[in-house]
Structure formats: C-alpha cells, structure tokens
Enquirer: 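The structure follows.
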Amino acid sequence: MTTILDELRWRGLLYESSDGLEETLARERITLYIGFDPSADSLHIGHLLPLLTLARFQRWGHTPIALAGGGTGLIGDPSGKTHERPLLSKEQVAANVESIKRQLAQFLDFNAGDHSAKLLNNADWLTRLSLIDFLRDVGKHLTVNYMLAKDSVRARMASETGISFTEFSYMLLQAYDFAYLFEHHGCKLQAGGSDQWGNITAGIELIRRAFGQRAYGLVYPLVTKADGTKFGKTESGAVWLDPKRTSPYRFYQFWYNVDDADVGKYLKYFTWLSAAEIEELEQSVTQHPERRAAQQRLAREVTRMVHGETALARAEEASQALFGGALTSLSAEDVADIFEDVPSSTLPRHELSGEGVALIDTLVRCGIATSRSDARRAIEGGGIYINNVQSADAARRLTINDSIDGQFIVLRKGRKNYHLIRLV
RNA sequence: GGGUCGGUACCGAAGUGGCCAAACGGGGCGGUCUGUAAAAUCGCUGGCUUACGCCUUCGCAGGUUCGAAUCCUGCCCGGCCCA
C-alpha cells in the first residue's frame, strides 16, 4: 500500500504524524485542513509549504480545506513566539483575510468533484461563540494542567514577559476549530508546521473527549538553511507571493540564488518534480555546480506556480538582460519592462542637454550614494555602472547621449543594485 | 551613599599632549577571480562645488596650552566592590 505519506516521506516533509494515520489514509479518502494566520495582507513563501501540502493531498484524492484565521487572528498564536504580540485591529484582520483568501484559492482545485477544495474562515464560527458556551463546551474538556504542559506555553511561562490569558487561550480556539471542522465537514486531519504540533494535538484531544472519536495530526518540518540564517528573508525583507510586494523578477532571483547545499531539499519541498528528476538535478549540482541547473529549475518551477507562465518568461528575460551584459541593445520598452520593480527616480530631460549633470550628484540624488564623498569613492572604486558599463571617472557627466532612447538611464552600484532614472 | 574601573567611528578595541579623521579586528560596501555561489585577494568605510586644502568628530560642558581623544574642573551614563 502506498499513501501520500510515502510521498511526503521521500520529500522530507513528514516530521511527525499521529499513530494510525497511515492506515486510515490507506483505507479512505479524507478531509484535512491547514490554518493560515492573517497577520499580513499577503502570504509569503513561508506559506508555500502548507499550500503545497494541501495541494498534494488533493492530488491523492483527499479533500483540502484552507482555513483563514479571521477569528484566531484576533487573538494571536503564542507558538514559537517569545513575546506577547500586539493585537491587530478587527478591521485589519478582516482586510487581511480578504487578501489572502484570493491567494489561497489560487493553489487549490475547486472543481475536483467530490474532493473539491474548500476555503473557510474561522471568524464565521469563532466570533459567534459565546463565552459561556465556550467554557462549557470547550474549556471543560481540557485541563489547565494539559495546557501548561505544552511547549509553547511552558516557554512563555519561564520568560519574564509571561503570557496573557488571551494568548494562553489560543490553543483552545484552534482546538475548537478542528472539532468544528470535524463535526461539520468531516475533517479528520489537521496538518501544519512542526511548531503547530501542540495546538494540533489539543484539537485531537478535544475531539476525542467531546465526540469520543479519533482525529489525526501531521506536521512538516520548519524550513531551514544550511548556513543557519532564516529561510525566506532577504535584505529587503520577506519574500511575498503578492507580485506588488515582491516582483516576479525578485521572486525568481530569490530561488535562483539558493545555496547549493539547500537546493535539493527545496526542490523536494517546493516543486512537483519526481524523485528521479530531483535526483538528476542533485547530481548536476555535484558535477557541474557552475551550471546551476538545479537552482534554475527550482526558480522556474516555483515562479511559474506562483506567478504563471508569462511572469516567469519576463523574469527570465530580465535576469538574462541584467546579468548578461550591456544594455545598449535594449529598447526603451524592454528597459521599462525589465526594471519595472527596480527603485527609480525621475530627472527632467532638459538637465541632460549640453554639459549635462554630474554623475556624482545624480548618485546622491537618487540615493545610491549617501553623500558626495561616498559617491566619489564608489565611482573611483569601480563600483558604478551606467547602463551596465563601468564608469570609474569621478568627473563623469551624464548627457542625453547616455540615455536609452532618450527615456531612461540605468545606474548600478556593485553587482545587483540597480536604479532606473526616468527622463521626463 | 562610599570606593573603583570605564565611556573612542556601525560593533569590539588601541591610542594617555603635536607624526590622529584616529592603529587593529569584525561587520558593511565595492573591485578582481568565479557559478548572480563559497573561498581567496585588493580597495573603501565622517563631511565639503570638486580636495598633499578646509570643516566637524573620541560621553557632555567648561578650562590649561602655540597645540588636547590625550592634562585639569564640574556634570551625565555604565561595570564591579563596599554600605
């Protein structure tokens, strides 16, 4: 018998699961859910694993429920947090839920017959729950002793800041979610990151006590990086799924720049490629690391999945142009396209006539350099490029001849810091 | 409250009258190399209408001196010890 657990296992995504889950999955097609915290108005790549987990289950014939935490988001999950967090306003949470619901829907199939995906919001039942009902129907089933034993609570009990009653209660709400979905949607499995194990088992426990029935949990590992830094962060912050927050180009670049040591693991985690294909790519990393076939494939697969074929093509073109060489062959249209998400500023065209403007001043004005001295040093150090051509002359002036089709000038500092000047 | 040691650039840390815009290390930025990597290596890392020149900076405020990060006075802040 093979089940989805076998797939998750070879992908390294099975961190821990309830006893009996494998037998159940071999026997029947089930409904499962994963919760998504609406703490921002976009999902980021940290959410890819849960999204793909739901999608993988769906491909195996199971029914996925993506649960937006419109109710639990009002409280805040203490798991993995060392400090109490400020509460988000109700309006903020509601707005965030609306934004991420659209993103969640993109990954799931809602026309899959009897195992079509569902998209729910726990605000629909949690905000209607009265305190008395909650205490009688939920609180009565779990002891404080049980709750205190959870890692997420224990860690905060030991800290100086402590834990508020609000966050302490969080696990009961999540447990109630599970019980609610069990009762109304026949949901038997809750999945999540390994930090969710405590909350998930609380739900299983509640179902056992309230209904005398069995439910299951499954968690995947937290994504790590070989160099020990945090996954999903770049200098400019999180990598978002919303193209307005993180352009497809930057998204593509994020994956393209993954470390050799991590790329095999990420191919298993974040793509649909088969074990054999990944095996082959991993070999190419060892034999021809300079080709970076694995990184390119990873970037391609994930970008296509999140942003689609067209955006992928553009991201690849932009990467080619930027890392390929001079920009002289490009038209203004290409430039506008490729540098869409690059920081930009405007410059009145007439300033470029005649003598033009000093490069030093321009660098300061558009923020590439912090002062004229800084700009001078950068230029003399060979770190400044005009339209991808190095310019080490501190007295250099920019004129209309440096523009691309009289419309743009592309300034660059170092390998990757671009700035687009639009002539107006 | 008393004693004592200390506060130097992004961080750590030298310097204790001129040779100090301030050693050295880390971090950051950039060049070369390379695989848009790592390592290595080199340069930069206060400001100035363009600079073997000027201005500002060594906890803060005054003072001594031709000249102070460096000496004196007061104040503020931190570590340790004693109450």
Side-chain angles (χ1 to χ4, degrees), chain A residues 224-237 239 246-267 280-303 312-327 330 338-339 341-343 351 354-399 410-419:
Chain A
T224 56
K225 281 170 64 175
D227 64 9
T229 56
K230 203 168 185 243
F231 171 78
K233 294 281 185 207
T234 66
E235 315 78 62
S236 46
V239 179
T246 300
S247 73
Y249 165 71
R250 275 202 299 256
F251 188 86
Y252 178 88
Q253 284 289 321
F254 170 82
W255 297 102
Y256 196 90
N257 283 312
V258 161
D259 201 285
D260 290 358
D262 293 316
V263 71
K265 182 168 75 178
Y266 294 173
L267 281 165
E280 205 180 311
L281 288 167
E282 279 178 325
Q283 290 220 346
S284 86
V285 171
T286 345
Q287 284 160 19
H288 294 287
E290 75 284 359
R291 289 185 193 161
R292 299 205 295 166
Q295 279 91 342
Q296 189 178 56
R297 191 65 192 275
L298 175 67
R300 206 174 261 177
E301 293 296 326
V302 185
T303 306
L312 166 63
R314 282 184 167 199
E316 289 197 297
E317 275 168 33
S319 302
Q320 282 268 302
L322 263 52
F323 294 97
L327 299 174
L330 295 176
I338 290 169
F339 294 93
D341 61 298
V342 150
E351 290 194 33
E355 286 282 284
V357 290
L359 174 59
I360 286 185
D361 293 324
T362 313
L363 292 174
V364 176
R365 220 194 302 182
C366 69
I368 286 181
T370 55
S371 69
R372 292 170 49 79
S373 297
D374 186 43
R376 186 179 300 277
R377 279 191 293 264
I379 295 171
E380 288 172 351
I384 297 297
Y385 302 74
I386 299 167
N387 298 328
N388 269 3
V389 179
Q390 197 176 50
S391 172
D393 175 13
R396 180 80 151 79
R397 300 185 76 81
L398 293 173
T399 69
V410 178
L411 295 177
R412 182 179 122 204
K413 178 182 153 206
R415 200 79 187 98
K416 298 179 188 177
N417 300 308
Y418 283 90
H419 184 95

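A, B, ... follow the sequence lines: proteins, then strands. Residue 1 opens every chain.
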Enquirer: Once rounded to the nearest 0.5 Å, what's the spacing between atom CG of A:Asn387 and atom CZ of A:Arg412?
Expert: 11.0 Å
Enquirer: Is it true that atom CD of A:Glu290 has more than 12 heavy atoms of other residues, nucleotides or ligands lying nearer than 6.0 Å?
Expert: yes
Enquirer: Should B:A21 form a Watson-Crick or G-U wobble pair with both distances under 3.5 Å, which nucleotide is its partner?
Expert: none
Enquirer: Would you kindly give the CZ-to-P distance between A:Arg397 and B:U50, to the nearest whole Å?
Expert: 14 Å
Enquirer: Rounded to whole angstrom, note down the P distance from B:G74 over to B:U4.
Expert: 13 Å
Enquirer: When you compare B:G35 with B:G43, how far apart are their P atoms, in angstrom units rounded to a whole number?
Expert: 25 Å
Enquirer: Which value, rounded to the nearest 0.5 Å, describes the distance between A:Arg250 atom CZ and A:Lys416 atom NZ?
Expert: 13.0 Å
Enquirer: Would you indicate what A:Asn417 reaches in the nucleic acid, counting non-hydrogen atoms under 4.0 angstrom: base, sugar-phosphate, or nothing?
Expert: sugar-phosphate
Enquirer: Kindly compute the distance separating CD (A:Gln296) from CG (A:Leu298), expressed to the nearest 0.5 Å.
Expert: 11.0 Å
Enquirer: Return the residues of residues 370-386 of chain A meeting this criterion: a heavy atom under 4.0 Å from some atom of RNA chain B. Order them by number, or give none.
Expert: A:Ser371, A:Arg372, A:Ser373, A:Arg376, A:Arg377, A:Gly381, A:Gly382, A:Gly383, A:Tyr385
Enquirer: In whole Å, I'd like the distance from the NZ atom of A:Lys413 to the C1' atom of B:G28.
Expert: 9 Å
Enquirer: Roughly how far apart are A:Arg397 CZ and A:Thr362 OG1, rounded to 0.5 Å?
Expert: 8.5 Å
Enquirer: Inspect the surroundings of CZ in A:Arg292 and state if more than 12 heavy atoms from other residues, nucleotides or ligands are less than 6.0 Å away.
Expert: yes
Enquirer: Please give the distance between the P atoms of B:A14 and B:A23 as a whole number of Å.
Expert: 14 Å
Enquirer: Using the P atom in both, what is the distance from B:A22 to B:A9, to the nearest Å?
Expert: 15 Å
Enquirer: Paired with B:C48 by Watson-Crick or G-U wobble geometry, both distances under 3.5 Å: which nucleotide is it?
Expert: B:G53
Enquirer: With rounding to the closest Å, how many angstrom separate the C1' atoms on B:U56 and B:A21?
Expert: 10 Å
Enquirer: Quote, to the nearest angstrom, the C1' distance that separates B:U64 from B:C10.
Expert: 35 Å
Enquirer: Hey, do the aromatic rings of A:Tyr249 and A:Tyr418 have their centres closer than 6.0 Å?
Expert: no
Enquirer: Which atom pairs, donor and acceptor, lie under 3.5 Å between side-chain atoms of residues 252-260 of chain A and protein residues at least two apart or in another chain?
Expert:
| residue | atom | partner | partner atom | Å |
| --- | --- | --- | --- | --- |
| A:Tyr252 | OH | A:Glu316 | OE2 | 3.2 |
| A:Gln253 | NE2 | A:Ser319 | OG | 2.9 |
| A:Asn257 | ND2 | A:Gln253 | O | 3.0 |
| A:Asp259 | OD1 | A:Ala261 | N | 3.0 |
| A:Asp260 | OD1 | A:Gln295 | NE2 | 2.9 |

Enquirer: Does this structure show an ion pair linking A:Glu351 with A:Arg365, if we count only N-O contacts that are shorter than 4.0 Å?
Expert: yes
Enquirer: Rounded off to whole Å, could you give me the CD-to-P distance for the A:Gln296 and B:A37 pair?
Expert: 15 Å
Enquirer: Please write out each protein N/O paired with an N/O of nucleotides 33-36 of chain B under 3.5 Å, distance rounded to 0.1 Å.
Expert:
| residue | atom | partner | partner atom | Å |
| --- | --- | --- | --- | --- |
| B:G35 | O4' | A:Glu290 | O | 3.3 |
| B:G35 | O6 | A:Asp260 | OD2 | 3.3 |
| B:G35 | N1 | A:Asp260 | OD1 | 3.4 |
| B:G35 | N1 | A:Asp260 | OD2 | 2.7 |
| B:G35 | N2 | A:Asp260 | OD1 | 2.8 |
| B:U36 | O2' | A:Asn257 | OD1 | 3.0 |
| B:U36 | O2 | A:Gln253 | OE1 | 2.9 |
| B:U36 | N3 | A:Gln253 | OE1 | 2.8 |
| B:U36 | N3 | A:Gln253 | NE2 | 3.2 |
| B:U36 | O4 | A:Gln253 | NE2 | 3.2 |

Enquirer: For nucleotides B:G15 and B:U70, find the distance between their C1' atoms and express it as a whole number of Å.
Expert: 8 Å
Enquirer: Under a 3.5 Å cut-off for both distances, is B:U32 Watson-Crick or wobble paired, and to whom?
Expert: B:A40
Enquirer: Heavy-atom count around A:Glu280 CD within 6.0 Å, excluding the residue itself: above 12?
Expert: no
Enquirer: According to the Watson-Crick and G-U wobble definitions, with both distances under 3.5 Å, which nucleotide is paired to B:U73?
Expert: B:A61
Enquirer: Between B:C80 and B:U32, how many Å separate the two P atoms, rounded to a whole number?
Expert: 49 Å
